[in-house]
Amino acid sequence: MISAWASSTFFALKYRECRILWFGTAFSFLAFMMSMIVQAVVAYDITGKNGAVGFVSLGMGIATILVSPFGGVVADRFSKKRMLFVGQTLIGINFAVVGVLIITGHITLLMLAVSTLILGTVFSFIGPARQAWIGELVPSKDLPNAIALQQVGMTATRVFGPFVAAGLIAISIVGTGGTYLFMAGLFIFVVFTLTMLPESKAVPRPNETFFAQMGMGVKHMRERPRLGLLAICFVGVIMGGFSYMVILPGLLANEFGRSSEQMAPLIGISAASGFLVTLGIAGLAGTRWAWPIMLGSAALLGLSIFLVAISPNYASAIGAMFLLGIGASGFQLINNALIMTEADPAFHGRVMSITMLAWGFNSLVAWPFGLFADAFGERQTLMLMAAIVLAFTAATTLLGTMVSSRARPGAEPAHHPVATIAGGE
């Protein structure tokens, strides 16, 4: 039984190039997940305000919204390997500079925000490139599993990232500055893995402008109702449901009487449950159960955020975060796999760049959410986030039943939202 589960869950890793990219991506995600913790700690310690944590996230949000559409076009036209090589080198340098500024006592809130602006700009290019490159490394029939395994790797780093970050921060001779330097060092390995991969395909279109290519990507999503619905759902759920980390430091300090550093166990428990659920459902990403799992996970995410909001103490918040991890990871894994399956391979970069806008909006609303929490309270802000997630989930469920029953050419009937929601073939 275990052997059958493993073969159905990890079968895309039988391809050497996919394995190498997966390991490199996992270490990249580990550094990024660590940065979410240490960045929040540094920002909150500088000012003691929720708004400061959200302000720092503005840089990534602005960059993602403005740059990611261009990143998708570039990913579909030029070498994805070179984009990843340059981009991940820049991220490593960025982390190293921030670490030095913290150690020397020169870090400011504005500098921290600028570093996230750089980070968002780079991710706007390498995010679509990485996802589109997977489509080149594995056959189309194995693409849903390959995309799902990327999510499994990311969720695993959400387990270890917070604890590694918290452990390093707690060591006096390391602290937040040394943690940033450690994250920079991880990218040495990430860049090395790229040297082991073949050159990616480049498909230049010199007779078409960047804006024309972006327009074609939007048109492609409009012509495929299921693809557009998946993208809109992703943007809404990510925007409302993944900003809770901005509120956690203040919730700990103002409601539970604990230090901001103790957010690591909360993030860690949600990551652990998320990792377990991604292992369990990775093999279902290309089946008729995909849509129901995605919608159920989104609903669980909204409900669990509400449970965090009404938690009377730290222990009960940990229980709510366990459920939150299941909902968040399950939704993201299945949604990403469905989007890549619904999109034509020639548009993978542009489609993923459009969905990346979700993370831009997520970072952009982090500041207003933080200000709202300062004015009205952390619990009330979390309730608002829960309401947004549940509203988008309900709308997606309703619209899914209204999508045309005509399947796109070459699509599996099982992916149709009406059929899957009903549990039919």
Side-chain angles (χ1 to χ4, degrees), residues 28-68 71 86-127 161-162 164-166 168-188 190 243 245-250 253 259-261 263-264 267 359-371 373-374:
S28 175
F29 281 149
L30 176 62
F32 181 72
M33 294 304 170
M34 290 176 63
S35 74
M36 300 297 289
I37 301 298
V38 66
Q39 171 186 300
V41 171
V42 173
Y44 191 80
D45 287 347
I46 290 175
T47 65
K49 298 288 185 179
N50 292 295
V53 182
F55 175 76
V56 169
S57 299
L58 268 180
M60 177 168 285
I62 293 172
T64 304
I65 291 173
L66 296 179
V67 180
S68 61
V86 173
Q88 293 180 148
T89 299
L90 290 175
I91 293 175
I93 294 173
N94 182 37
F95 282 155
V97 170
V98 173
V100 171
L101 288 172
I102 294 174
I103 291 173
T104 58
H106 291 94
I107 191 66
T108 66
L109 198 65
L110 181 60
M111 289 178 181
L112 203 58
V114 170
S115 75
T116 67
L117 178 68
I118 296 172
L119 196 62
T121 300
V122 175
F123 266 112
S124 296
F125 285 97
I126 68 174
V164 173
L168 291 175
I169 291 172
I171 301 174
S172 58
I173 61 173
V174 178
T176 53
T179 303
Y180 264 102
L181 294 181
F182 177 83
M183 286 153 29
L186 290 176
F187 276 89
I188 296 176
V190 173
S243 297
M245 283 192 289
V246 174
I247 309 303
L248 286 184
S259 67
S260 60
E261 285 83 356
M263 68 182 288
I267 302 298
W359 298 109
F361 287 120
N362 173 255
S363 298
L364 203 61
V365 300
W367 191 22
F369 276 139
L371 296 177
D374 289 332

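This chain uses plain numbering: 1 for the first residue, then up along the sequence. Because only heavy atoms are used, hydrogens play no part in the values below, and waters and symmetry mates are left out as well, while side chains stay in.
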side-chain contact (heavy atoms from CB on, under 4.5 Å) between V122 and Q88, worked out: CA-CA 8 Å; V122 175; Q88 293 180 148; over 6 Å; no
Of the non-hydrogen atoms in V174 and T179, which two are nearest, and what is the gap between them? CG1-N, 3.7 Å
Check whether S124 reaches the backbone of V67 with its side chain - one donor and one acceptor, N or O, closer than 3.5 Å. no
Do you know which two heavy atoms are closest between M34 and F182, and how far apart they sit? CE-CD2, 3.6 Å
Hey, mind stepping through M111 and V98 against side-chain contact (heavy atoms from CB on, under 4.5 Å) and telling me if it holds? CA-CA 8 Å; M111 289 178 181; V98 173; over 6 Å; no
Heavy atoms of G99 and L181 approach each other most closely as CA-CD2, 4.2 Å
To the nearest 0.5 Å, what is the distance between CD1 (I102) and OG1 (T176)? 4.0 Å
pair V97-S115: side-chain heavy atoms closer than 4.5 Å: no
Closest heavy-atom pair, G92 versus F187, reported as atoms and distance to 0.1 Å, is CA-CB, 4.0 Å
How long is the straight-line distance from OG1 of T116 back to CZ of F55, given to the nearest 0.5 Å? 8.5 Å
Quick one: CD1 on I169 to CD1 on I37, what's the gap to the nearest 0.5 Å? 7.5 Å
To the nearest 0.5 Å, how far apart are OH in Y180 and CG in N94? 8.0 Å
So, do F123 and F32 have ring centers that fall under 6.0 Å from each other? yes
Which atoms form the tightest heavy-atom contact between I126 and G87, and what is the distance? CG2-CA, 3.8 Å
From the list L186, I118, L119, side-chain contact (heavy atoms from CB on, under 4.5 Å) partner of I91 resolves to L119
Partner set under side-chain contact (heavy atoms from CB on, under 4.5 Å) for F29, not counting sequence neighbours: T25, M154, T157
Grab the two heavy atoms, one from S243 and one from V365, that are nearest each other, plus how far apart they are. OG-CG2, 3.8 Å
